There are 2 protein chains.
Amino acid sequence: MDDVEARRRVIEAADRLYYGNGIQAVGMDRLRTESGVSLKRLYSLFSSKEEIVLGVLSHRHQLWTQGLEAQVSQVGAPQDRVLAVYDYLAGWFTDDTFRGCGFINAFGEIGTAPSIAAAVREHKESFQRFMVGLVAQAGGSAELAGYLALLAEGAQTTAAIAGSPDPARQARRAAQTLISAELGDRTTVTV
Amino acid sequence: MDDVEARRRVIEAADRLYYGNGIQAVGMDRLRTESGVSLKRLYSLFSSKEEIVLGVLSHRHQLWTQGLEAQVSQVGAPQDRVLAVYDYLAGWFTDDTFRGCGFINAFGEIGTAPSIAAAVREHKESFQRFMVGLVAQAGGSAELAGYLALLAEGAQTTAAIAGSPDPARQARRAAQTLISAELGDRTTVTV
DNA sequence: AGCGTAAGAGAACGATCGTTCTCCACAAAA
DNA sequence: TTTTGTGGAGAACGATCGTTCTCTTACGCT
């Protein structure tokens, strides 16, 4: 097993364990057992647990971004591409391992560590930028994109706590209303 | 110091420490030191740390509810009473100890404990009911109330992570748009 | 074959976790 | 004054934390 493969196994196991149980609740011994990577190797690949957490967040950011872009790319009409964000959320919320946004959870638990707080902030800023671009393609303002991002964030926490995927559809309908209010209804082409 | 006063000191210290540092990061020794209540007394007042966390959540629920109702009660016009929710958030977000919603944080960190998850769920359901009532007074639907609750939830996490109180005002403007879309603009009386 | 070295398993380290127990001081009752 | 008992301070408990170290095995090189 080379270093690349070992890192992959560690990050994958850590992501699953930290996300499902909380970060502090999972010790290095458990991570060793479930990743199959010895403690010595773990500490040669990562300098500390905090580095592993940062690696997990980076990995999660990639998965999120790729999944989101894949969902959006399946849709053509600019306004529907914006709404596809909430369809992506709806699919995620029905995953039975769903337990809210891993970044928000990490921030609440160990956001006092500056490097963790920074990683979470960057992820959320990246999502904001993504929404601004997507909304701009539909002719909408950055202000509108901010509203739609708030709805997406609210849907994530509400779905996690209520244990229901419904907030995704609810957020989608609210987004439709906000888009229509700024842009008018463009489901039929106007010239 | 009677039991009532001792409980008050424990809950107050625990709330401050857990909210500011995360729950698992604060041990019973620190809680003993900062509350001034001995470990023996602590365990005669509460059967376990989990009971203390539940007490903190209950206390936080009371503070939140009272503060919210106080803010809303200062306003007369039904639509403005709805918007006062976001003014309450704006005030909270500027508190320099603000670190997001304590319930969301607790859920992410130790939501695997059923009693904690239940307490968080009840708090959020209570807020949903509050919004439904408030929106109904303005002639709005439960569906609209759901949208406005999502905005409030999203504003809390976004403000915490971005470290800015601005999402409160952003959510307020989005809420205004959603209210106008369902009810029309009622800032001047229409007959 | 003999030697050097990297990596494995997991014991060990000091610290701290939640919880319990011991010991002592002081106040009320006899 | 002596006895009894309640509650405080904090030591102690076993477990587990993140991290390091030891010991052993096994493989590459000459």
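Within every chain, numbering begins at 1; the chains are lettered A, B, ... in the order of the sequence lines, protein sequences first and strands thereafter. Only a predicted model underlies this, so the values are computations on that prediction, with no experimental measurement involved.
With respect to B/E5 and B/R9, a salt bridge is recorded, a charged nitrogen being found less than 4.0 Å from a carboxylate O. One finds a salt bridge joining A/E12 and A/R8 here, because a Lys/Arg side-chain nitrogen approaches an Asp/Glu carboxylate oxygen to under 4.0 Å.
Across every non-hydrogen atom of B/A106 and B/I116, the tightest pair is O-CG2, 4.3 Å. Among all heavy-atom pairs drawn from A/L144 and A/E182, the shortest one is CB-OE1, 3.3 Å.
For DNA chain C, the contact window with chain A, defined by any atom under 4.0 Å from a protein heavy atom, covers C/dA7 to C/dA11 in 5' to 3' order.
Within residues 15-41 of chain A, the residues that have a heavy atom under 4.0 Å from DNA chain C are, in order of number, A/R32, A/S38, A/L39, A/K40, A/R41. Near-neighbour residues of DNA chain C inside residues 42-58 of chain A, defined by a heavy atom below 4.0 Å, are absent.
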Item to check | Derivation and outcome, side-chain contact (heavy atoms from CB on, under 4.5 Å), residues A/R172 and A/L151 | outcome: CA-CA 8 Å; A/R172 193 188 201 274; A/L151 286 171; over 6 Å; no
Next on the checklist: One pair to check against side-chain contact (heavy atoms from CB on, under 4.5 Å): B/V56 and B/Y19. What are the steps and the verdict?
Outcome noted: CA-CA 9 Å; B/V56 165; B/Y19 180 67; over 6 Å; no
Next on the checklist: Using side-chain contact (heavy atoms from CB on, under 4.5 Å), reason through A/F127 and A/L68 one step at a time and then give a plain yes or no.
Outcome noted: CA-CA 10 Å; A/F127 176 62; A/L68 189 55; 4.0 Å; yes
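B/W64 and B/F103 have their aromatic ring centers separated by at least 6.0 angstrom.
Residues B/Y88 and B/V132 are members of separate hydrophobic clusters, defined by side-chain heavy-atom contacts under 4.5 angstrom among Ile, Leu, Val, Met, Phe, Trp and Tyr.
Judged by the 6.0 Å distance and 45° axis criteria, A/R7 is positioned over the aromatic ring of A/F46.
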